[in-house]
Amino acid sequence: MKIVVAVKQVPERDAPVHVAADGRGVETGDAWTMNEPDAYALEEALQLKERLGEGEVVVLSAGPERVESTLREALAKGADRALHIVTPEDGVGSLAERDTLGVAQMLAEAVRGESPDLVLTGLQSDDLGAGQTGVVLAELLGLPHATLVLSVDAEAGAKQIRVKRELEDGWFQQIEIPLPALLTIQSGGNRLRYATLMGIKRARSKETKQIDAASPSARHDEVVRLVLPERTRQTEILSGAADQIAAKIAERLKAEVGI
Amino acid sequence: MSVLVVMEQTGGGWHRIGREALAAGRHLASEMKMPVAAAVLGAPEAIATLAAQVASEGVGVWAVGHPLLEHYTPDGFVAALQQLVSEVKPAFVVFPHTYQVRDYAPALATRVGEVLVSDVIAMQVSDGAATFTRQWMGGKLNAQYRHTGSGPCFVSVQAGSFRAEQDAGAAAAEVRQFAPQIDAAQIRTKPGEPFREAARTVDLGSAQVIISVGRGIGEQENLKLVEELAGALGAELAASRPICDAGWLPMERQVGSSGQTVAPKVYVAVGISGAIQHLVGMKGARTVIAINKDPDAPIFEVADVAAVGDLFEIVPAVTRALKG
């Protein structure tokens, strides 16, 4: 089974976030990481290949040069090869200048060249959180899809798979879906693996193919401006020595809980 | 030009956020000086009562009925709604941001050459132009979007962002039947019956005091710090999704859009950054006390008490102070 996993590089969770001078872009410093939901998609792909005992896992990402570190991480964890759609860091043609549809169109072009049996991606990104790229990609590729998938039940050579997807309020559902198909993976279905030293060594000899990004089409939406959220409550801010903060919290708890 | 609100029903009842989407759609329509209509999809006999109920509140309804819509599939819903949108030609299509909507609305927008502005928490109309606010960076920034495409503007609204209300005084509006053309061969996936893994043993919904823990706790063995605090308060222990994903606490202790919704007297958030998916599950708490080392953590925006500092020092000190 040939599996393409689309991953995004996002700012580290604790990266400082600043609004750029133009009020429409974000500056987050230089700490980047693999989008965590995509790491779960990669994990599912690697486990599927291990369970089936055959197949290929191709990791795909779009972005500037820095994206290579995320692709290398995926190769070190066990992906077989990588595809890098190279975009400028900012300005015309960068990810920020493309809407969801535009980004998915770039990914779709690269996936078409691979003709995989399965395309996996995370259910959403930790930075923009639109939660749409996978579903849009499926539509562009003409593939059936399922979202919020926790586990995949597949047999070698089968024409269809069964997936378990998460519904709301603690409910789940099995879906039968013919191949080729696209799945967006929910976190928590698996435990994420770490790259081993051996894996990191092996990754050096694995192929990363660079693909030129197509010129961007016009956006269908635009970000007018970015603002810092406002507090919705009257907030008492405690800072300083831990013991003093703790004493105030304890006082408040005693009053509220009645102990 | 009009606003179309796509409601969501299961088994003859409304999805709670569907009512909120209707309120958002009515608000948008009134600000944009446009008429509003609702759509409800399902098997014809299953949606008749729900359609009549919305119409009785003064909102025109499209009852989109077809036997193949009885069980939700993305293929069925996209096909039906694409036909409805091409018939109604709305300027805006408003959805509740439910799991179901997340599963099909991006494909629907793509099929008509448009995009969806998802997970909207606020909307604003000025000079006849609408902007929609959604969060970036786990709630650290609010991004305001404007639609620039030539087709309909698709928007999904987050739970708890718009107050569901009924307009009791309105004259009843009309229910119009819309029978989409759907062929069984178009529906590629076969959905199974929904099921639960096991009965819930923890009802966080009725807990009065909740100590909730997030990524900031760092390692599983550090959980004993919050367990001791919960013990001292007689509180229930809860967590944000990543803690349950890691298997450190059972999934049933998760608070948020994919877990339980809680409304305790006191909610203590320990090392939780406060992404919208978590906030929607706990913002009904009367008092929120948040402990986080990052002064910009979004959890502080909904906190009554914001303790900026090291949870590994503060939490044990609170426990000692309560016991002492």
Side-chain angles (χ1 to χ4, degrees), chain A residues 14 17 19 26 99-101 126-132 135-136 138-140 144-148 166-168 170-178 187-188 191 219-229 231-239 242-243 245-247 249-250 252-253 256-257, chain B residues 74 98-99 102-103 106-107 110-111 114-119 131 135-149 188-192 194-197 200 209 233 241 244-245 258 265-266 287 289 294 298 300-310 313-314 317-318 321-322:
Chain A
D14 294 334
V17 171
V19 178
V26 193
D99 58 16
T100 328
L101 184 56
D126 286 336
D127 55 355
L128 305 188
Q132 298 186 49
V135 178
V136 174
E139 174 67 22
L140 292 173
H145 74 268
T147 56
L148 294 141
E166 184 177 293
L167 303 176
E168 290 165 1
W171 291 84
F172 301 92
Q173 178 184 38
Q174 299 276 359
I175 307 243
E176 280 177 23
I177 182 163
S187 60
R191 300 282 169 266
R219 284 189 69 123
H220 300 77
D221 59 15
E222 66 171 350
V223 177
V224 188
R225 84 196 164 112
L226 291 174
V227 292
L228 295 172
R231 293 192 196 285
T232 55
R233 300 187 184 210
Q234 284 281 351
T235 309
E236 180 188 358
I237 296 169
L238 307 177
S239 59
D243 275 345
I245 293 177
I249 292 175
R252 182 77 181 247
L253 282 171
E256 300 272 353
V257 181
Chain B
T98 59
Y99 275 22
R102 292 166 64 155
D103 194 57
T110 304
R111 199 164 294 184
E114 273 296 335
V115 296
L116 167 73
V117 182
S118 56
D119 211 352
T131 52
Q135 298 193 321
W136 281 11
M137 308 288 166
K140 286 185 182 170
L141 289 175
N142 282 346
Q144 297 177 347
Y145 281 70
R146 196 167 66 92
H147 180 243
T148 55
R188 296 168 290 181
T189 55
K190 210 161 116 195
F195 63 94
R196 275 185 193 273
E197 305 267 82
R200 248 180 204 165
V209 186
L233 280 167
R241 177 139 197 146
C244 302
D245 280 347
S258 57
K265 273 204 241 169
V266 184
T287 300
I289 300 175
D294 177 5
F300 288 147
E301 287 147 33
V302 299
D304 301 280
V305 177
V308 184
D310 184 350
E313 293 179 15
I314 296 171
V318 175
L322 287 171

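The chains referred to below are lettered A, B, ... by the order of the sequence lines, with proteins before strands, and numbering in each begins at 1.
Looking at A/Ile177 and B/Arg188, their side chains never come closer than 4.5 Å, going by heavy atoms from C-beta outward. The shortest side-chain heavy-atom distance between B/Asp294 and A/Asp14 does not fall under the 4.5 Å cut-off. Within the 4.5 Å cutoff, side-chain heavy atoms of B/Leu141 are placed close to those of A/Leu228. At a threshold of 4.5 Å between non-hydrogen side-chain atoms, the residues A/Asp127 and B/Trp136 do not count as touching.
Looking at A/Arg252, the atoms closer than 4.5 Å to chain B (heavy atoms on both sides) all sit in the side chain, from C-beta outward. If you measure heavy-atom distances from B/Thr131 to chain A, the contacts under 4.5 Å come from the side chain alone. Heavy atoms closer than 4.5 Å to chain A are found in both the backbone and the side chain of B/Glu197. The contact between A/Leu128 and chain B is made by backbone and side chain atoms together, counting heavy-atom distances below 4.5 Å. With a 4.5 Å cut-off on non-hydrogen atoms, A/Ala130 touches chain B through its backbone and its side chain both. A/Val17 touches chain B through its side chain: at least one heavy atom from C-beta onward sits under 4.5 Å away, while N, CA, C and O do not. Residue A/Gln234 touches chain B through its backbone alone, counting heavy-atom pairs closer than 4.5 Å.
The candidate from B/Gly139, B/Pro74, B/Gly309, B/Pro106 with the greatest count of non-hydrogen atom pairs under 4.5 Å with chain A is B/Pro106. Ranked by heavy-atom pairs shorter than 4.5 Å toward chain A, the options B/Val209, B/Asp310, B/Leu233, B/Thr287 are led by B/Thr287. Contact count against chain B (heavy-atom pairs under 4.5 Å) is highest for A/Val135 among A/Val135, A/Asp126, A/Leu140, A/Asp243. When A/Ala146, A/Ala250, A/Pro144 are compared by the number of non-hydrogen pairs under 4.5 Å with chain B, A/Pro144 comes out ahead. Contact count versus chain B (heavy atoms, under 4.5 Å) is highest, among A/Val227, A/Val257, A/Leu101, for A/Val227. For the set B/Pro298, B/Ala107, B/Ala317, B/Ala143, the count of heavy-atom pairs under 4.5 angstrom toward chain A peaks at B/Ala107. Highest contact tally toward chain A, considering only B/Val318, B/Val117, B/Asn142, B/Val266, is held by B/Asn142 [criterion: heavy-atom pairs under 4.5 Å]. Per-residue heavy-atom pair counts under 4.5 Å with chain A were compared for B/Ser258, B/Cys244, B/Ala321, B/Pro194, and the maximum is reached by B/Pro194.
Contact between A/Asp99 and B/Val115 at its shortest, heavy atoms only, is OD2-CG1, 3.6 Å. Counting all heavy atoms, side chain and backbone alike, B/Arg241 lies closest to A/Ser187 at NH2-O, 2.9 Å. The two atoms that bring A/Pro229 and B/Lys140 nearest to each other are CD-O, 3.3 Å, heavy atoms only. Considering every non-hydrogen atom in both A/Ile249 and B/Ala307, the closest pair reads CD1-CB, 3.8 Å.
A donor-acceptor pair under 3.5 Å is formed between the side chain of A/Arg233 and the backbone N or O of B/Val302. A/Arg225 places no side-chain N or O within donor-acceptor distance of the main-chain N or O of B/Tyr145, the cut-off being under 3.5 Å. Using modelled atom types, one side-chain atom of A/Glu168 and one backbone atom of B/Tyr99 make a donor-acceptor pair closer than 3.5 Å. In terms of modelled atom types and a separation under 3.5 Å, the side chain of B/Thr189 and the main chain of A/Glu176 share no donor-acceptor contact. Remark: the backbone N or O of A/Thr147 is paired with a side-chain donor or acceptor of B/Asp103 at under 3.5 angstrom. Under a 3.5 Å cut-off, the side chain of A/Thr235 and the backbone N or O of B/Ala306 do not form any donor-acceptor pair. One N or O on the side chain of A/Gln132 and one on the backbone of B/Leu116 form a donor-acceptor pair closer than 3.5 Å.
Remark: A/Glu139 engages B/Arg111 in a salt bridge, criterion side-chain N to carboxylate O under 4.0 Å.
Between atom OG1 of residue B/Thr148 and atom CD of residue A/Glu222 there is a gap of 6.0 Å, rounded to the nearest 0.5 Å. Atom CG of residue A/Leu226 and atom CE of residue B/Met137 lie 8.5 Å apart, to the nearest 0.5 angstrom. The distance from the CD atom of B/Glu114 to the OG1 atom of A/Thr100 is 11.0 Å, given to the nearest 0.5 Å.
Between A/Leu238 and the choices B/Val305, B/Ile289, B/Val308, B/Ile314, the side chain to side chain contact (heavy atoms under 4.5 Å, CB included) rule is met once, by B/Val305.
Take B/Arg196 and apply the salt bridge (Lys or Arg N to Asp or Glu O under 4.0 Å) test, not counting sequence neighbours, and it matches no residue. B/Arg102 meets the salt bridge (Lys or Arg N to Asp or Glu O under 4.0 Å) test with no other residue; sequence neighbours excluded.
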